[in-house]
Amino acid sequence: MSYNAVPVCRLAAASLFLITGGHWAQILSMNPVIVESFADMVREKGIDRDILMSVIEETFAMMVRKKYGLEAKFDIVMNMDKGDIELYLEKTVVEKIEDPSTQITVEEAFKKSGEELEPGDEYVEVINTGRDFGRRLIITAKQNLNQKIREIEKDNLFNEYNGLVGDVLVGEVYQIRQGDLFILHNRRELLLPKSEQIQRERWRKGDTIRALCKEVRRSTVNSTPVVVLSRTDPRFLAKLMEAEVPEIFDGFITIKAVAREPGERAKVAVESNDERIDPVGACVGMKGVRIHSIVRELANESIDVIPWSDEPDTFLARALSPAKLISVELDEASKTATVLVSDDQVSLAIGKQGQNVRLASKLTGYQINLVKEARDEEDIELIEFRDEIGLDLYTELIRARIDTAKEFLNTPEEALMQLPGLTAERIAQIRSLLEREFQQADQALEDVAEKAGFKLTTLRPDGRETTESAEATAEAQRSEEKDAHAEAK
């Protein structure tokens, strides 16, 4: 085996050789600087040392194969510490060449090495990259190297943040574009979409922000990883509580379930693994100091902490607090719950715009149907409707000893038609007016029920169940207004 004594090229120069387009005169005298540049690349770009060596080796292997053919035999020796690389081309000495990429004649081998070799001997030639590789090949290799380094950076970014999914990250708002926030974290650009922000919050450039690493996905354009953050994810609230409550961090208390309407209200179910620790009290803290810091972080989002129970009906009753329930019936097959509440508790069970029942449904996993136990409505003095029915007719009704709305509704139509100014059509209008007054409270609750997506049923004192939709109530009102308009004409 013979080795040509051509001076070897430097490993660190390998990359610079490609980048500078093969100007070796500028490179060979820069060995200490080159080694440092590679150390900087490993440190700044986060590229593993061995992976970087592999990429450079693959790049030069590609160049050798393109120059000398796919069947060419070669060897690449790299020393990352010194910044050296040696490229050896191996050929077999023959009398007559059949494959130039793997064979060399006796005469040519003697001419290059000065040694007398016989057919069958191995000849090893050191490749002079500055002389043997053309400019076009160098440009191709440069593009290939840069592309591989970019792919490695993308993979490193994906793997780094994929391991942080579910963790809370702290960054700085450095750009706001169409409502989306771009967060700077460890010199990386992360995305907090508008849909993952609490609506009432307003951020400015330079603000410090905390958010949950929700997911890492590949861009459909160039496969660049996109790290998506969230402040609305229920896991964000759980992580904030874990950071604020030592008992949760140490494992003495477990967060079993979280339901949120970001920026408005949330419910958290907690369970104690130590009977000596009150889970709710530990999470709330002395005078609410622990929970208040979380509330401030979440734009004053109201947080209800409730104790977990393995009994579904008990847990559902706690989830609907502060309302007090009469009974709970569960259907495990359809995951629905029928909850009976008294008339004075139904508004508490529903909550503001249906928040309480929606959060309870999310927390427990049951579709909740409320049944309101109705009581006899309180009567209303007829004087409340004097302007609507007219002073003359009101006076006649008082003379007939009809003083309240219920007395009017319970009086037979034949008896009412004996009074001056009352016709069958007018009686129907007044009755509709009075009935609507009794139904106004129910209508408001039914509107909320419809918007919140749950069923509200009224259980009457006589045992009948009625479910009145907002559409039916509105249709009755439109019919009444139409009759009044016709009478006026």
Side-chain angles (χ1 to χ4, degrees), residues 259 261 264-269 280 302-307 309 311-331 336-364 366-385 403-410 431-474 476-477:
E261 291 199 351
E264 298 293 336
R265 191 175 179 184
K267 287 181 179 287
V268 182
V280 176
S302 177
I303 302 174
D304 298 341
V305 183
I306 63 174
S309 175
E311 298 294 331
D313 52 348
T314 302
F315 181 47
L316 195 143
R318 293 173 179 174
L320 280 171
S321 62
K324 297 179 180 179
L325 314 183
I326 297 176
S327 65
V328 177
E329 294 182 6
L330 303 177
D331 186 345
T336 59
T338 302
V339 179
L340 180 63
V341 294
S342 60
D343 185 61
D344 61 341
Q345 293 292 308
V346 66
S347 59
L348 289 175
I350 294 175
K352 179 184 177 182
Q353 298 179 349
Q355 281 182 355
N356 196 56
V357 69
R358 277 199 307 270
L359 290 172
S361 182
K362 292 179 184 178
L363 197 70
T364 61
Y366 284 86
Q367 175 64 38
I368 299 176
N369 298 323
L370 292 179
V371 179
K372 180 181 66 171
E373 187 181 53
R375 300 176 300 179
D376 289 336
E377 296 93 343
E378 295 182 0
D379 207 350
I380 304 174
E381 293 292 330
L382 205 59
I383 194 174
E384 298 289 339
F385 305 95
D403 300 323
T404 67
K406 281 192 175 183
E407 289 177 355
F408 184 93
L409 293 172
N410 294 331
R431 279 183 169 172
S432 178
L433 172 66
L434 301 180
E435 288 172 352
R436 189 169 72 249
E437 184 67 23
F438 286 119
Q439 294 172 355
Q440 279 183 350
D442 289 344
Q443 179 183 342
L445 292 175
E446 286 154 9
D447 289 343
V448 172
E450 183 180 4
K451 292 178 181 179
F454 66 92
K455 182 180 178 182
L456 175 63
T457 304
T458 301
L459 183 64
R460 300 297 179 187
D462 56 6
R464 294 183 298 111
E465 288 188 1
T466 60
T467 306
E468 300 180 8
S469 66
E471 286 89 349
T473 306
Q477 185 174 355

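Remember, it's a predicted structure, so these values are computed and weren't measured experimentally. Side-chain atoms are counted along with the backbone in the values below, which use heavy atoms only and exclude waters and symmetry mates.
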Distance check, rounded to the nearest 0.5 Å: [X] atom [atom1] versus [Y] atom [atom2]?
{"X": "Q367", "Y": "D331", "atom1": "CD", "atom2": "CG", "result": "12.0 Å"}
{"X": "S302", "Y": "Q355", "atom1": "OG", "atom2": "CD", "result": "8.5 Å"}
{"X": "K267", "Y": "S321", "atom1": "NZ", "atom2": "OG", "result": "4.5 Å"}
{"X": "T404", "Y": "F385", "atom1": "OG1", "atom2": "CZ", "result": "10.0 Å"}
{"X": "L340", "Y": "S327", "atom1": "CG", "atom2": "OG", "result": "4.0 Å"}
{"X": "F408", "Y": "L434", "atom1": "CZ", "atom2": "CG", "result": "6.5 Å"}

Looking at every heavy atom in both [X] and [Y], which two are closest together, and how far apart are they?
{"X": "S361", "Y": "I368", "value": "N-CD1, 3.8 Å"}
{"X": "I326", "Y": "S342", "value": "CD1-N, 3.6 Å"}
{"X": "Q345", "Y": "K324", "value": "OE1-N, 2.9 Å"}
{"X": "V305", "Y": "V280", "value": "O-CG1, 3.7 Å"}
{"X": "A360", "Y": "A319", "value": "CB-O, 3.7 Å"}

Residue pair [X] / [Y], side-chain heavy-atom distance below 4.5 Å:
{"X": "R318", "Y": "P307", "value": "yes"}
{"X": "T336", "Y": "Y366", "value": "no"}
{"X": "L382", "Y": "D403", "value": "no"}
{"X": "I303", "Y": "V268", "value": "yes"}

Over 12 non-hydrogen atoms of neighbours within 6.0 angstrom of CD in E329: no
Give the C-alpha distance, both sets of side-chain angles, the deciding distance and a yes or no for side chain to side chain contact (heavy atoms under 4.5 Å, CB included) between T338 and V371. CA-CA 7 Å; T338 302; V371 179; 3.7 Å; yes
Look at the side chain of R358 and the backbone N and O of G351, then say whether any donor-acceptor pair between them is shorter than 3.5 Å.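 Not at all, since once roles are kept as given, no pair shorter than 3.5 Å links the two residues.
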Between T364 (side chain) and L316 (backbone), is there a donor-acceptor pair under 3.5 Å? no
Qualifying residue for side chain to side chain contact (heavy atoms under 4.5 Å, CB included) with L320, from N356, I306, L359, L363: N356
